[in-house]
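Have a look at the structure below, then the notes.
Numbered from 1 within each chain, the chains take letters A, B, ... in sequence-line order. Below, all heavy atoms of this structure are taken into account, side chains as well, without hydrogens, waters or symmetry copies.
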4 protein chains.
Amino acid sequence: MDKVEPVERRRGPSMDRRSERAHRAVLEAAAALFEDVGYARLTIDAVAARARVSKATVYRWWPNKAAVLMEAFLVAIERDVAFPDSGSVRTDLVEQAASLAQVLGERRLGMMVVALLGEAQNDDDLAQAFRGGWQEPRRAAGREVLHRAVERGQLRADLDLELVLDGVYGPVYLRLLYRHLPLDRSEIEKLVDQILDGIIAPNHPQGDLPSGAKSRT
Amino acid sequence: MDKVEPVERRRGPSMDRRSERAHRAVLEAAAALFEDVGYARLTIDAVAARARVSKATVYRWWPNKAAVLMEAFLVAIERDVAFPDSGSVRTDLVEQAASLAQVLGERRLGMMVVALLGEAQNDDDLAQAFRGGWQEPRRAAGREVLHRAVERGQLRADLDLELVLDGVYGPVYLRLLYRHLPLDRSEIEKLVDQILDGIIAPNHPQGDLPSGAKSRT
Amino acid sequence: MDKVEPVERRRGPSMDRRSERAHRAVLEAAAALFEDVGYARLTIDAVAARARVSKATVYRWWPNKAAVLMEAFLVAIERDVAFPDSGSVRTDLVEQAASLAQVLGERRLGMMVVALLGEAQNDDDLAQAFRGGWQEPRRAAGREVLHRAVERGQLRADLDLELVLDGVYGPVYLRLLYRHLPLDRSEIEKLVDQILDGIIAPNHPQGDLPSGAKSRT
Amino acid sequence: MDKVEPVERRRGPSMDRRSERAHRAVLEAAAALFEDVGYARLTIDAVAARARVSKATVYRWWPNKAAVLMEAFLVAIERDVAFPDSGSVRTDLVEQAASLAQVLGERRLGMMVVALLGEAQNDDDLAQAFRGGWQEPRRAAGREVLHRAVERGQLRADLDLELVLDGVYGPVYLRLLYRHLPLDRSEIEKLVDQILDGIIAPNHPQGDLPSGAKSRT
DNA sequence: TGTTAATCGAGACGGTACGTCCAGTCTTGAC
DNA sequence: GTCAAGACTGGACGTACCGTCTCGATTAACA
């Protein structure tokens with residue numbers, strides 16, 4: 001991901017002239033304030049004040065606080081995308097799940113994701129920016145890892161890769177957003193093992209095994 | 001679950017008698033308005049007006065709109081908890097995942113979950129009510145299913161059941177809250193199969209199999 | 001004038017319940033601030049702050065700052081209307097002109113009149129309130145004085161009383177609003193004499209005397 | 001009045017060349033917009049936009065919108081000054097009052113006078129420009145007329161000419177700015193007659209006639 | 001004729017106030 | 001004695017202008 005190009009930014013011949021300083025200051029202020037007070041109590045007034053920028057300037061470049069926060073989030077995480085290729089699916093998946101867990105596990109970023117997810121339910125522009133800037137690049141990386149593993153014969157050929165991706169990322173999200181239990185490195189390894197190997201007891205006659213599984217014993 | 005007893009509800013001597021109509025009307029109004037305008041634009045004023053109740057009455061029984069919505073959510077879903085016991089893990093897990101998908105897939109309820117999840121990040125009372133009224137009962141049912149399967153020898157004995165629960169519920173949440181892809185019955189079945197059986201190719205020499213898996217070949 | 005009934009005040013069954021304290025405080029604050037900073041720099045924010053009232057309360061009862069100021073003005077001057085009846089037109093007119101001069105000559109009130117006059121050019125509600133609350137009562141008093149004088153035979157019977165009123169009040173306004181020259185009591189007396197007696201030289205053959213005047217020599 | 005030389009105009013070496021088009025365009029735009037929206041809603045932004053001139057250019061030549069409007073007003077009326085000398089005071093005064101009434105009676109110009117009068121209350125530069133560019137030339141013309149009439153013996157020698165000027169102009173202002181009654185040519189003639197001849201009934205014993213008047217019967 | 005400094009348009013900037021909306025508290029009058 | 005009705009303070013909203021400030025682009029007078 002070379003450059004975040006937020007959907008809500010108006011483009012024009014003279015856009016470049018706009019104050020880079022103001023732009024950065026707003027994003028930093030938004031991130032800092034978000035950490036202090038959370039999304040609901042975050043106000044554009046406060047962001048503008050902390051960034052020593054006028055409110056009008058904020059509204060000139062972003063349509064609402066969700067958009068500001070989205071860009072702040074994307075800036076904060078954009079360097080973290082990883083396309084590992086160790087030759088081992090297991091290692092690569094652990095790597096990716098851990099990278100995701102690192103972002104979501106950081107209090108500030110995790111809360112941002114929930115907040116943005118909430119807003120995106122009612123804001124298509126936001127949803128699109130979220131998907132394009134955050135979700136899809138990560139899934140693309142995961143898809144790549146899985147694809148290579150299938151080609152190497154490490155994974156079954158008949159997999160629905162999207163479903164596998166959900167199988168890996170879903171539990172990470174769930175743990176870190178509900179925060180019902182911690183998710184450290186060793187848990188992530190257990191999770192990946194579980195996904196790779198399945199959970200059924202070996203050598204046990206299962207009355208209802210699916211075709212793929214049946215052939216395995 | 002006989003009765004939802006929301007933590008945030010203040011109790012008083014005459015509460016049960018006088019407020020019954022008002023109480024119900026508020027929850028109905030909140031649910032209806034939420035559907036129309038979403039969480040952010042839902043106002044206590046509007047709820048009170050629609051319920052033909054004074055704002056003071058709303059504040060007498062709930063501390064804020066998140067609490068109102070939480071109770072409305074819990075009322076709306078409480079009949080849906082399922083403790084299936086078909087004798088087959090696969091069937092039971094599909095049943096439970098489908099039950100969850102049904103709730104989250106219903107536009108109104110799914111949005112409520114995200115909204116409440118967002119609010120709960122900064123509101124411990126809310127988080128507790130959410131866990132106690134929604135999340136934990138469902139996990140308990142799932143845990144029960146898994147426990148029985150382990151006892152029957154259908155699942156491996158060394159499993160971390162919490163991690164398995166996350167493995168089942170996580171993907172369902174992910175799909176339905178990000179809405180990147182649909183999740184119908186057949187997808188749910190594929191998901192459960194995938195979890196049960198794992199995804200590694202059979203008979204393929206995996207250089208990095210975990211200990212548990214290694215012993216299986 | 002028993003009661004000022006500002007046009008912009010919404011009437012309803014529960015209007016009387018509104019906080020008398022807030023109402024008074026707003027008018028006082030508006031008058032005080034007007035004196036300090038003038039009309040253009042008078043802000044509703046400042047009025048609300050000084051009155052220790054929320055901005056919403058101001059806007060609940062008045063549509064804009066001109067309306068607030070109008071009511072403040074009417075409250076400030078309403079006790080000053082005079083219906084003198086000394087038996088002498090001259091005395092009565094001097095009395096009334098002096099009363100007007102006293103209001104307009106007071107820096108704060110004079111400036112209010114100009115400001116309100118300016119706003120009233122583009123605001124019919126305001127113009128009507130201004131006429132009804134300020135201008136017309138005073139003209140009515142003047143009309144009464146003139147009418148009695150005509151009946152007593154002190155003034156010519158063929159006068160256009162409205163024009164006479166303009167002849168008396170006009171110069172007072174002009175002096176006090178342009179402030180080109182002062183207007184003290186003795187000037188007012190000279191003015192009234194001038195109006196009563198005219199300015200033509202006695203016994204001088206005027207080639208163009210009007211009919212009424214001609215018969216006078 | 002050869003040339004309007006507004007106090008607020010900054011002069012520079014090459015001003016006359018470059019700015020001519022812009023200068024005129026601004027004044028025209030200001031006048032046109034004033035007519036449309038009135039003083040309060042007239043904005044420099046709008047003036048600049050309509051004149052196809054940058055805001056900076058407006059501020060380069062005028063300190064504020066009042067100054068722009070003042071110059072627009074002076075440009076609009078400067079050709080209207082009249083120094084009539086018909087030999088008859090009555091005719092000359094009617095002429096001058098009518099000339100004033102023509103300006104004030106034109107909706108746009110009348111509103112400008114009120115607006116400028118209002119602003120001038122708190123802006124000495126403006127007040128001075130108003131007096132020098134509008135008020136005083138007209139009064140000078142009136143003073144001249146009165147002076148000649150006194151010299152010819154048509155008016156009493158003991159008059160306070162300033163008070164007489166106020167007596168003529170004041171009513172015209174009052175009528176046209178309050179707009180309580182129209183003021184056409186015949187009304188103006190009646191007004192001048194009234195001022196010249198006075199309003200007291202001839203041959204009526206006035207108990208309180210002033211000295212000048214007493215000697216007249 | 002080509003250089004250069006003044007002036008221009010465009011419009012972003014930090015501010016201030018606008019007028020609206022809602023949160024959450026409090027008062028009143030009717031039932 | 002409760003409740004609806006709704007006024008209240010407080011404070012954020014998003015908008016509109018203010019007056020200042022870069023920017024290039026244009027231009028007119030001088031080199």
Would C:R21 and C:V53 satisfy side chain to side chain contact (heavy atoms under 4.5 Å, CB included), going step by step from the backbone distance to the final call? CA-CA 10 Å; C:R21 190 234 129 228; C:V53 142; 4.0 Å; yes
Say you draw a straight line from [atom1] of [X] to [atom2] of [Y]; how long is it, rounded to the nearest 0.5 Å?
X      : Y      : atom1 : atom2 : answer
C:K65  : C:L33  : NZ    : CG    : 11.0 Å
D:T43  : D:K55  : OG1   : NZ    : 8.5 Å
B:W62  : B:T57  : CH2   : OG1   : 9.5 Å
B:Q121 : B:L126 : CD    : CG    : 10.5 Å

Are [X] and [N] close enough that a side-chain N or O sits under 4.0 Å from OP1 or OP2?
X     : N      : answer
B:W62 : E:dA23 : no
D:R60 : E:dC8  : yes
B:T57 : F:dT2  : no
D:R52 : E:dG9  : no

If you pin A:A56 and B:A56 to their nearest nucleotides in DNA chain E, which one's is more 5'?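 Its nucleotide being nearer the 5' end, the pick is A:A56.
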Could you pick out which residue, B:N64 or C:K65, lies toward the 5' side of DNA chain E when each is mapped onto its nearest nucleotide?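 Comparing both residues, the 5'-ward one is C:K65.
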Length of the line joining A:H23:NE2 and E:dC13:P, which is rounded to integer Å: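 Result: 10 Å.
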Starting from C1' on F:dC3, measure out to CZ on B:R21 and report it in whole angstrom.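 In whole Å, F:dC3 C1' lies 11 Å from B:R21 CZ.
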Closest to side chain of [X], choosing from [options]:
X     : options               : value
A:Y59 : E:dT7, F:dA7, F:dG14  : F:dG14
C:S54 : F:dA4, F:dG10, F:dA12 : F:dG10
C:A22 : E:dG14, F:dC8, E:dA23 : F:dC8

Does D:K55 contact F:dG19 through a side-chain donor or acceptor facing the base, at a distance under 3.5 Å?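 By the distance-only test, yes, there is a pair.
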Which ones in residues 37-49 of chain D lie close to DNA chain F, meaning a heavy atom under 4.0 Å from one of its atoms?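 Those residues are D:T43, D:I44, D:D45.
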Partners passing side chain to side chain contact (heavy atoms under 4.5 Å, CB included) against A:A115 (at least two apart in sequence or in another chain):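 With sequence neighbours excluded, A:A115 shows a side chain to side chain contact (heavy atoms under 4.5 Å, CB included) to A:F34, A:Y39, given in chain and number order.
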Within a radius of less than 6.0 Å around CZ of B:R52, do more than 12 heavy atoms belonging to other residues, nucleotides or ligands occur?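 Open.
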Can you list, by residue number, the residues of residues 112-124 of chain B that have a non-hydrogen atom closer than 4.0 angstrom to DNA chain E?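 Result for residues 112-124 of chain B: none.
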Contact summary for C:V26 and C:V47, nearest pair of heavy atoms: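 Nearest pair, atom of C:V26 first, then C:V47: O-CG1, 3.8 Å.
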Assess the residue pair D:D123 and D:N64 against the criterion (side chain to side chain contact (heavy atoms under 4.5 Å, CB included)); give the C-alpha distance rounded to whole Å, side-chain angles, the decisive distance to 0.1 Å, and a yes or no. CA-CA 11 Å; D:D123 181 340; D:N64 51 52; 4.0 Å; yes
